[in-house]
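Comments concern the structure below.
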There are 2 protein chains.
Amino acid sequence: MNDQLSLTFSALSDPTRRAMLSRLSQGDANVSDLAKPFLKDMSLPAITKHLKVLENAGLIIKTKEAQWRPCKINGAPLKDASAWMEQYRQYWEESFDRLEEYLKTITDAKKSKRKKHGKKK
Amino acid sequence: MNDQLSLTFSALSDPTRRAMLSRLSQGDANVSDLAKPFLKDMSLPAITKHLKVLENAGLIIKTKEAQWRPCKINGAPLKDASAWMEQYRQYWEESFDRLEEYLKTITDAKKSKRKKHGKKK
DNA sequence: TTTATATTTAACTTATTGGTTAATTAACTG
DNA sequence: CAGTTAATTAACCAATAAGTTAAATATAAA
């Protein structure tokens, strides 16, 4: 497992790391800011490791500023991950066991200007 | 790690499992169908385990048909995962270090009918 | 130059993951 | 029934992940 998509999904598969991204979406923050909500649950080195995972996946960018390490989100890798998931949109947009796909198949001859997914939300 | 979102992302973090979903997006398939492309790389029990991960994450549904186990995609969990990522769309849609967000901030007073993300794709 | 703050590294432990081979179960087929 | 096909389970192993505590590093501040 070393491809970017795997790195991205793997990094996102932990609730602590997702919470960190969520925090960062409200503004840049340094390590101790990010750590604060979790210090009752885990140690600071554990935080460092989580941030390292996010950084290795390219989901955050950590810089230096005196003794602080301000972090900011880098959404770029999410673009490909999101695009990958979009492939499967049809499998969650329709209820009733892919009813529409079925209907589309059996009515292709009759109707012809159907676009992509008639049903929305 | 036992929440659904973590289960989903974790299941997607392996290229073999993503390939299996990809295969299933072209049509339902039983275990040996799914295994075929990977049997040069790994054993059948390994395949069984990967499918178990996908099944536990709810990404596939496995049924019984004589001695076969037809599998089909269940996209539902991807809906939440995708929705989660959408939260961060702004972080990958804009180039130049969140330029737009910055512009939006400093021009809020002047312009007022801007909607969400002016720039598209 | 000592001290305090912010963060990382090292070394270690435990649990989980992803794979293996061998054996087992389940259902069909001759 | 004996044999074949499909798939799973059991038992094991090595690598990785996620946490720990203790020590080290880096910068600022007194």
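Everything quoted here is computed from the prediction, not taken from an experiment. Numbered from 1 within each chain, the chains take letters A, B, ... in sequence-line order.
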>> I need the CG-C1' distance between A:Leu51 and D:dA18, as an integer number of Å.
In response: 14 Å
> For residues 29-52 of chain B, which residue pairs qualify under salt bridge (charged side-chain N to carboxylate O under 4.0 Å, His left out), counting only residues two or more places apart or in two chains?
Replying inline: B:Lys52-B:Glu55
>> So, applying side-chain contact (heavy atoms from CB on, under 4.5 Å) with A:Lys79, which one of B:Tyr88, B:Trp92, B:Tyr91 is it?
In response: B:Trp92
> Are A:Arg89 and B:Leu78 close enough, and set up right, to give a side chain to side chain contact (heavy atoms under 4.5 Å, CB included), and what steps lead you there?
Replying inline: CA-CA 8 Å; A:Arg89 171 176 291 279; B:Leu78 293 182; over 6 Å; no
>> For B:Ser32 and A:His50, find the nucleotide of DNA chain D closest to each by heavy atoms; which residue's nucleotide sits nearer the 5' end?
In response: B:Ser32
>> Working note: B:Glu86 + B:Ser82, criterion side chain to side chain donor-acceptor pair (under 3.5 Å); need CA distance, chi angles, decisive distance, verdict.
In response: CA-CA 6 Å; B:Glu86 279 301 315; B:Ser82 179; 4.8 Å; no
Let me have the donor-acceptor pairs involving side chains of residues 58-69 of chain A, under 3.5 Å, with sequence neighbours excluded, atom names and distances please.
{"residue": "A:Thr63", "atom": "OG1", "partner": "A:Pro70", "partner atom": "O", "Å": "3.3"}
{"residue": "A:Arg69", "atom": "NH1", "partner": "A:Ala66", "partner atom": "O", "Å": "3.3"}

With the criterion being N/O to N/O and under 3.5 Å, what pairs connect the protein with nucleotides 27-30 of chain C, and how long is each?
none

> Hey, are B:Arg18 and A:Asp3 close enough for a salt bridge, meaning a charged N less than 4.0 Å from a carboxylate O?
Replying inline: yes
> Which value, rounded to the nearest 0.5 Å, describes the distance between B:Ser32 atom OG and B:Ile47 atom CD1?
Replying inline: 10.5 Å
> Do you know which two heavy atoms are closest between B:Ala11 and B:Arg17, and how far apart they sit?
Replying inline: O-NE, 2.8 Å
> Tell me, which of residues 52-63 of chain A have any heavy atom that sits under 4.0 Å from an atom in DNA chain D?
Replying inline: none
>> Restricting to ring-ring contact (aromatic ring centres under 6.0 Å, His included), what partner residues turn up for B:Phe38, sequence neighbours left out?
In response: none
> Rounding to a whole Å, what distance do you find between B:Asn2:CG and D:dA18:P?
Replying inline: 14 Å
> Where along residues 34-49 of chain A does a heavy atom fall under 4.0 Å from DNA chain D?
Replying inline: A:Asp41, A:Met42, A:Ser43, A:Pro45, A:Ala46, A:Lys49
>> If the test is side-chain contact (heavy atoms from CB on, under 4.5 Å), which one of B:Leu54, B:Ile73, B:Asp14, B:Val53 qualifies with B:Met20?
In response: B:Leu54
